[in-house]
Each structure stands twice: as C-alpha cells, then as structure tokens.
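Each ligand, and each atom within it, is numbered from 1 in the order the structure gives. Just so it is clear, the model here is predicted, and its values are computed rather than measured.
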Amino acid sequence: MDQTSIDALRALPVSPRGHFIDGQSVPAIEGGMRDVISPIDGQVLTQIAEGSPADMERAITSARAAFEDGRWSRMAPAARKKVLLKLADLIEAQALELAVLGVRDNGTEINMAIKAESMSAAATFRYYGEAIDKVYGQIAPTAENVLGLVHHAPVGVVGAIVPWNFPLMIGSWKIAPALAAGNSIVLKPAESASLSLLRIAELASEAGVPDGVFNVVTGKGSVVGETLALSMDVDIMVFTGSGATGRRLLEYSARSNLKRCYLELGGKSPNIIFNDAPDLAHAAQVSAGGIFRNSGQVCVAGSRLLVQEDIHDDFVAEICKHAEAFRVGNPLDLNSQIGAVHSLDELEANLDFVTKAEAEGASRLSGGNRILSKTGGYYMQPTVMGGVKPTDTLAQQEVFGPVLAVTPFKDEAEAIQIANSTVYGLSAGVWTSNLGRAHRMVAGIRSGIIHVNTYGGSDLTVPLGGVGQSGNGHDKSLHAMDKYFDLKTAWIQL
Ligand code: NAD
C-alpha cells in the first residue's frame with residue numbers, strides 16, 4: 001500500500017448504488033435515493049437507494065425462495081466451502097479498493113481499514129469456509145433399538161443489521177458463518193456505511209453464491225431495519241449496534257414470530273492500571289491506542305481508565321502526552337494516525353459529553369475540541385478527562401468517540417467494584433505483574449473479554465461478545481456458528 005495508489009483510488013467518482021437483491025443491483029421500488037456524506041470533507045460522495053418496506057419484502061421473499069429450493073442450503077458443504085474460499089480470494093485481491101471505498105464512506109484511518117476491514121473480511125470468509133465441512137452431527141447414546149441422530153440444520157433466512165464503524169469486519173462476522181451453514185441472508189447495513197458491503201455482495205455473486213442467497217437492502221433502520229426484524233419470514237436476527245436499537249429488535253421479535261435475536265451492543269470498558277504493571281510506559285502507549293484508534297469509535301474501546309492512586313498523576317501525564325502526539329487528519333493520508341469522526345451529529349454528541357463531564361466536576365486534561373480542517377471534515381482531538389467519578393455520566397454512558405474518562409482507585413477490591421459499576425460488560429484490561437491478581441481480576445470483572453498486560457488485541461479464533469447490556473451473542477470463533485444452525489433430532493425405531 002502506498003500513497004500514490006490510495007490517491008488514484010480516492011480521485012475516482014463513486015457511482016450511485018441500488019439495493020442488491022436476487023443477484024443484481026436494483027433501484028428502490030418507491031423510496032428513491034439518499035445522499036452519502038463523506039466525513040472526510042462533509043461533502044456528498046454518492047447516493048444509495050433509500051429502501052422502503054416493499055424493497056425489504058422483496059429481498060426477504062427472494063431469500064426465502066432461495067432457501068426453500070435448496071440451491072445453496074442443500075449444496076454439499078465442500079461445495080459451499082469452495083465458493084467462500086473464492087470470495088475470500090476476491091476480497092483480498094481488491095483489498096485496497098474496498099478499504100478506500102469504505103474509508104470515504106465512514107472515515108476510518110486507511111491503515112486500520114486495510115487490516116481490520118478488507119483483510120479481516122477475507123480471513124473471516126476463509127475461516128468459516130474452511131470450517132463448514134468439518135461440522136458433524138451426533139449419534140445419541142439412546143436405549144436399545146432406537147437411533148437418536150442430532151442434525152445441524154440451517155435456520156433458514158437470517159436477517160442481519162450492522163453499524164457503521166467497521167462494516168466489512170462486523171458484516172462478514174455474520175455473513176460468513178450464516179452462508180457457510182447454508183442459510184440465506186438479508187443484510188441491512190448502516191445508512192452511512194453501505195458502500196463496501198454492497199460491493200461484497202457483488203463479489204459473492206461473482207464467487208458463485210447463487211442469486212437470492214445474499215441480499216443487501218440499504219436505507220433507514222427505522223424503515224427497512226424494522227421491516228426486516230418484524231418479518232414473519234425471517235428466522236433469526238443477528239445485530240451489532242446500540243442498546244437502544246437492540247431493545248427494539250427484541251420488541252419486534254415479540255410482536256412477530258419470536259425469532260431469536262443475537263445482540264452485540266455497546267460498552268464502557270474499564271482499563272485498569274496497577275502500580276505493579278510490568279512496563280508502565282508501554283501500558284500508557286497501548287492504553288492510548290486502545291481508546292483513540294478509529295477516533296474512539298470501537299465497541300471495545302477502553303474508555304474508562306482506572307489508575308491506582310500512587311501512580312495516577314505520572315501515568316495520566318504519560319497518557320496525555322500520547323493523546324497530544326497523535327496525528328489526526330484525513331484518513332486517506334498514510335501520515336494520519338487517527339481519521340475522522342463518522343458524522344457531524346456524532347462529533348457534536350462527543351463535544352456535549354465533554355461539556356457535561358466538566359459540569360459534573362471532571363477536568364479537561366487534554367483535547368476536548370473539534371479540529372477545524374481545511375476540507376470541512378469532522379475531526380476531534382483525542383480527549384482526556386480527569387477526576388471522573390464512577391457515577392458521572394461520562395463513566396456510565398458510552399460516548400463512542402475519542403473521549404477517555406480517568407478515575408483513580410485504591411486497591412484491587414475497589415478496582416473490581418468500579419469496573420463492574422456500569423450496565424455494560426463488553427471488554428476490560430488489567431495491567432499487573434502479579435499472576436494471582438491477574439486471575440482474580442479475570443474472575444471478578446463482568447465482561448465478555450479481558451485483556452491482561454495488553455489492550456484491544458484479538459483474532460478470529462476467540463469469541464467476541466458481551467454480558468449485561470453489552471449483548472447476548474458472540475461473533476467470531478467456531479462458537480459463532482451455533483446460532484446459524486437449529487438442532488434437529490431424528491428418533492428412529494430400529
Ligand atoms: P445503531 O443502533 O444506531 O445502528 C445500528 C444499525 O441498526 C444500523 O444499521 C441502523 O440503521 C439500524 N437501526 C436503527 N434503528 C433501527 C430500528 N428501529 N430497527 C432496525 N434497525 C435499526 O448503532 P450505530 O450508531 O450504527 O453503532 C454504534 C453502536 O454499535 C455503539 O453502541 C457500539 O458500541 C455498537 N457496536 C458494538 C459492537 C460489538 O461487537 N458489541 C461492535 C461495533 C459497534
């Protein structure tokens with residue numbers, strides 16, 4: 001990847017896109033088009049279809065027909081695997097094109113987009129493609145003269161709704177295992193980050209996913225998302241996004257066919273620094289990256305920094321130094337370490353959190369302002385707020401922006417108590433040289449993932465999901481496949 005190739009791609013116009021239904025791009029039936037605003041400069045990048053309930057019904061009908069006639073659902077797993085591996089290769093071959101398209105849409109820094117979006121999506125299709133012909137059913141230890149077979153049957157039509165922060169990565173965490181298991185899928189990307197996922201649907205078709213098996217409908221969550229989640233013909237919903245929308249999906253399920261809803265929601269993740277951390281300078285550097293990368297728009301961002309009292313001042317000074325050293329700017333410049341805030345609304349909401357934190361008694365230790373760029377895009381200083389009380393708004397509510405809340409603690413017991421004092425439980429970090437303490441913290445903190453002496457690392461081999469109001473489902477790893485199968489028992493009298 002070099003700046004010249006990126007510059008060539010970012011100069012290309014982006015043509016308007018329709019939905020992707022039944023193997024082809026189709027215009028909206030009645031909704032028209034909506035503008036796509038790039039956070040890089042606040043200008044209209046292109047247009048996408050503004051979906052209506054009729055568009056969504058059309059996609060669901062297409063997915064159902066494809067599932068029922070078995071064109072994919074009854075294809076041999078080894079044949080589905082071949083298609084998914086081909087799709088992974090196509091994504092990898094176009095990694096830069098996809099990443100640049102996505103960055104123009106959502107503002108993530110290009111270095112991260114290549115790795116966490118394009119390459120991660122390719123790896124995910126490869127992982128679940130490789131896995132699918134290793135899934136066996138079971139023979140139960142039944143009484144004599146009967147045979148109990150436990151089959152893994154695809155669930156049918158999967159509805160998927162994803163957010164804007166990492167559309168390709170999070171989208172493929174759902175699309176890949178759903179397709180591998182033989183399901184059909186209807187995907188509703190975020191209004192403001194649909195372009196790269198529409199392209200993935202085209203590539204899937206090119207790789208050999210039959211028409212109707214993978215459909216994408218764009219538009220408003222409250223219109224097409226709601227229609228999808230209320231449908232009697234959708235068998236499960238898989239969702240990543242905010243708790244507020246997650247709640248709605250559960251309501252839609254209750255009002256329709258009781259479909260299972262797997263929710264991956266927000267977080268307010270504690271990153272806890274003990275005075276016996278093996279390398280405090282390294283801890284400060286990684287912790288700063290763990291909140292500020294992608295402008296803090298990362299579900300597992302370590303947004304609450306809990307620092308033991310006796311090292312608090314020095315450690316926080318070090319964090320502020322890192323915050324101030326980050327180069328924030330055009331996400332398509334390789335020189336930028338942090339890109340854009342996704343939208344003007346998000347930027348204003350971030351700034352409101354800072355103002356409110358000050359009103360509640362916190363002090364601004366670094367940043368806190370919008371960065372005015374020549375292009376007119378949406379950029380914000382990495383921000384460190386000190387003296388945040390565990391009950392303050394900034395310690396309780398997810399910002400989803402580059403704002404760090406710092407709180408001191410006395411000892412292990414207090415650290416655990418503060419860590420567990422929110423409704424969330426997505427991610428956590430613990431820095432200590434004491435092995436016993438590390439294990440006690442892992443056991444004591446309510447969270448889906450706990451990093452020890454690092455923050456934010458992960459790969460496809462381990463599940464990602466939260467507890468409490470951070471959600472109830474898991475993406476990634478072989479465990480993620482379970483939700484895309486129904487268990488079916490065949491009880492056979494011999
Ligand atoms: P959001 O809930 O506003 O939107 C997510 C998706 O839901 C979008 O596609 C949106 O169009 C759709 N939607 C909105 N209203 C809907 C409705 N009434 N019915 C159906 N669909 C609807 O969230 P967002 O702002 O896009 O994303 C940010 C949130 O996502 C943060 O809370 C973040 O922590 C969370 N997130 C979680 C994870 C995780 O793995 N746990 C990963 C990334 C982001």
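- Of the N and O atoms on the side chains of Ser231 and Asp233, not one donor lies less than 3.5 Å from an acceptor on the other residue.
- When only interatomic distances are considered, the shortest N/O to N/O separation between Phe239 and ligand 1 does not fall below 3.5 Å.
- Counting heavy atoms under 4.0 Å from ligand 1, residue Leu228 does not touch it at all.
- The contact set between ligand 1 and Ile161, taken as ligand atoms under 4.0 Å from a residue heavy atom, comprises 6 (C), 7 (O), 9 (O), 12 (C), 20 (C), 21 (N).
- With a heavy-atom cut-off of 4.0 Å, Asn165 touches ligand 1 through its side chain alone.
- Protein heavy atom at the shortest distance from atom 19 (N) of ligand 1 is Gly221 O, 3.2 Å.
- Ligand 1 is never approached by Ser192 to a heavy-atom distance shorter than 4.0 Å.
- Residue, atom and distance of the protein heavy atom nearest to atom 18 (N) of ligand 1 are Tyr252 OH, 3.0 Å.
- For the pair Phe166 and ligand 1, no heavy-atom separation below 4.0 Å is found.
- Listed by number with element, the atoms of ligand 1 under 4.0 angstrom from any heavy atom of Ile170 are 42 (C), 43 (C).
- Remark: Arg260 CZ is packed, more than 12 non-hydrogen atoms of other residues, nucleotides or ligands lying under 6.0 Å away.
- Listed by number with element, the atoms of ligand 1 under 4.0 angstrom from any heavy atom of Leu464 are 40 (O).
- Using a 4.0 Å cut-off between charged side-chain N and carboxylate O, Glu251 and Arg248 make no salt bridge.
- Within the listing of ligand 1, atoms 8 (C), 9 (O) sit less than 4.0 angstrom from a heavy atom of Ala190.
- Salt bridge annotation for Glu97-Arg199: absent, with no cationic side-chain nitrogen under 4.0 angstrom from a carboxylate oxygen.
- Contacts of Pro189 with ligand 1, taken as heavy-atom pairs under 4.0 Å, involve the backbone alone.
- When heavy-atom distances to ligand 1 are checked against a 4.0 Å cut-off, Leu265 comes that close only through its backbone atoms N, CA, C and O.
- Pairs engaging residues 417-426 under the side chain to side chain donor-acceptor pair (under 3.5 Å) rule: none recorded [sequence neighbours left out].
- What sits closest to atom 27 (O) of ligand 1 on the protein, heavy atoms only, is Pro163 CB, 3.3 Å.
- The option with the heavy atom closest to atom 38 (C) of ligand 1, from among Gly448, Ala244, Cys299, Ser194, is Cys299.
- In Val162, the part holding a heavy atom less than 4.0 Å from any atom of ligand 1 is the backbone.
- Close approach to Thr240 involves these atoms of ligand 1, each under 4.0 Å from a residue heavy atom: 5 (C), 36 (N), 37 (C), 38 (C), 39 (C), 40 (O), 42 (C), 43 (C), 44 (C).
- Checking side-chain atoms of Ser366 against main-chain N and O of Thr383 turns up no donor-acceptor pair under 3.5 Å.
- Ranking protein heavy atoms by distance to atom 4 (O) of ligand 1, first place goes to Thr245 OG1, 4.4 Å.
- Checked by distance only, ligand 1 and Trp164 come closer than 3.5 Å through their nitrogen or oxygen atoms.
- Side-chain N/O atoms of Asn369 and Arg364 include a donor and acceptor closer than 3.5 Å.
- The distance criterion of under 3.5 Å between nitrogen or oxygen atoms is met by Glu191 with respect to ligand 1.
- Below 4.0 Å from some heavy atom of Gly225 lie the following atoms of ligand 1, by number and element: 19 (N), 20 (C), 21 (N).
- Across every non-hydrogen atom of Thr461 and Ser477, the tightest pair is O-CB, 3.5 Å.
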(Q) Determine whether Asp352 and Thr355 satisfy the following criterion, side chain to side chain donor-acceptor pair (under 3.5 Å), listing intermediate values before the conclusion. (A) CA-CA 5 Å; Asp352 283 351; Thr355 310; 5.0 Å; no

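- The side chain to side chain donor-acceptor pair (under 3.5 Å) pairs that include a residue from residues 38-48 are Asp35-Gln47, where partners are two or more places apart or lie in different chains.
- Atoms of ligand 1 lying under 4.0 Å from at least one heavy atom of Gly266, given by number and element, are 32 (O), 34 (O).
- The closest side-chain donor-acceptor pair between Glu360 and Thr393 falls under 3.5 angstrom.
- Side chain of Ser336 to backbone of Ile338: no donor-acceptor contact under 3.5 angstrom is found.
- Separation of atoms CD1 (Ile29) and CG (Asp55) is listed at 4.5 Å; rounding is to 0.5 Å.
- Of the N or O atoms in Lys188, one or more lie within a sub-3.5 Å distance of an N or O in ligand 1.
- When only interatomic distances are considered, the shortest N/O to N/O separation between Glu398 and ligand 1 falls below 3.5 Å.
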**Q.** Verdict with supporting geometry, Tyr455 and Ser427, side chain to side chain donor-acceptor pair (under 3.5 Å)
**A.** CA-CA 9 Å; Tyr455 197 89; Ser427 176; 3.0 Å; yes

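- Taking atom 35 (C) of ligand 1 as the reference point, the nearest protein heavy-atom neighbour is Gly241 O, 3.3 Å.
- Summarising the geometry of Ser184 relative to Ala66, their closest heavy-atom pair is OG-CB, 3.9 Å, with the distance given to 0.1 Å.
- Checking only distances, Ser242 does come within under 3.5 Å of ligand 1, N or O to N or O.
- Residues Ser62 and Asp22 approach most closely at OG-OD1, 3.3 Å, considering heavy atoms.
- Taking every non-hydrogen atom of Glu226 and a distance limit under 4.0 Å, the qualifying atoms of ligand 1 come out as 19 (N), 20 (C).
- Contact annotation: for Arg248 versus ligand 1, heavy atoms closer than 4.0 Å belong to the side chain alone.
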Q: Apply the test side chain to side chain donor-acceptor pair (under 3.5 Å) to residues Trp164 and Asp105: give CA-CA distance (whole Å), side-chain angles for both, the deciding distance (0.1 Å), then the verdict.
A: CA-CA 9 Å; Trp164 45 261; Asp105 208 2; over 6 Å; no

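- What sits closest to atom 33 (C) of ligand 1 on the protein, heavy atoms only, is Phe400 CE1, 3.3 Å.
- Any N or O atom pair closer than 3.5 Å counts here, and Glu346 shares no such pair with ligand 1.
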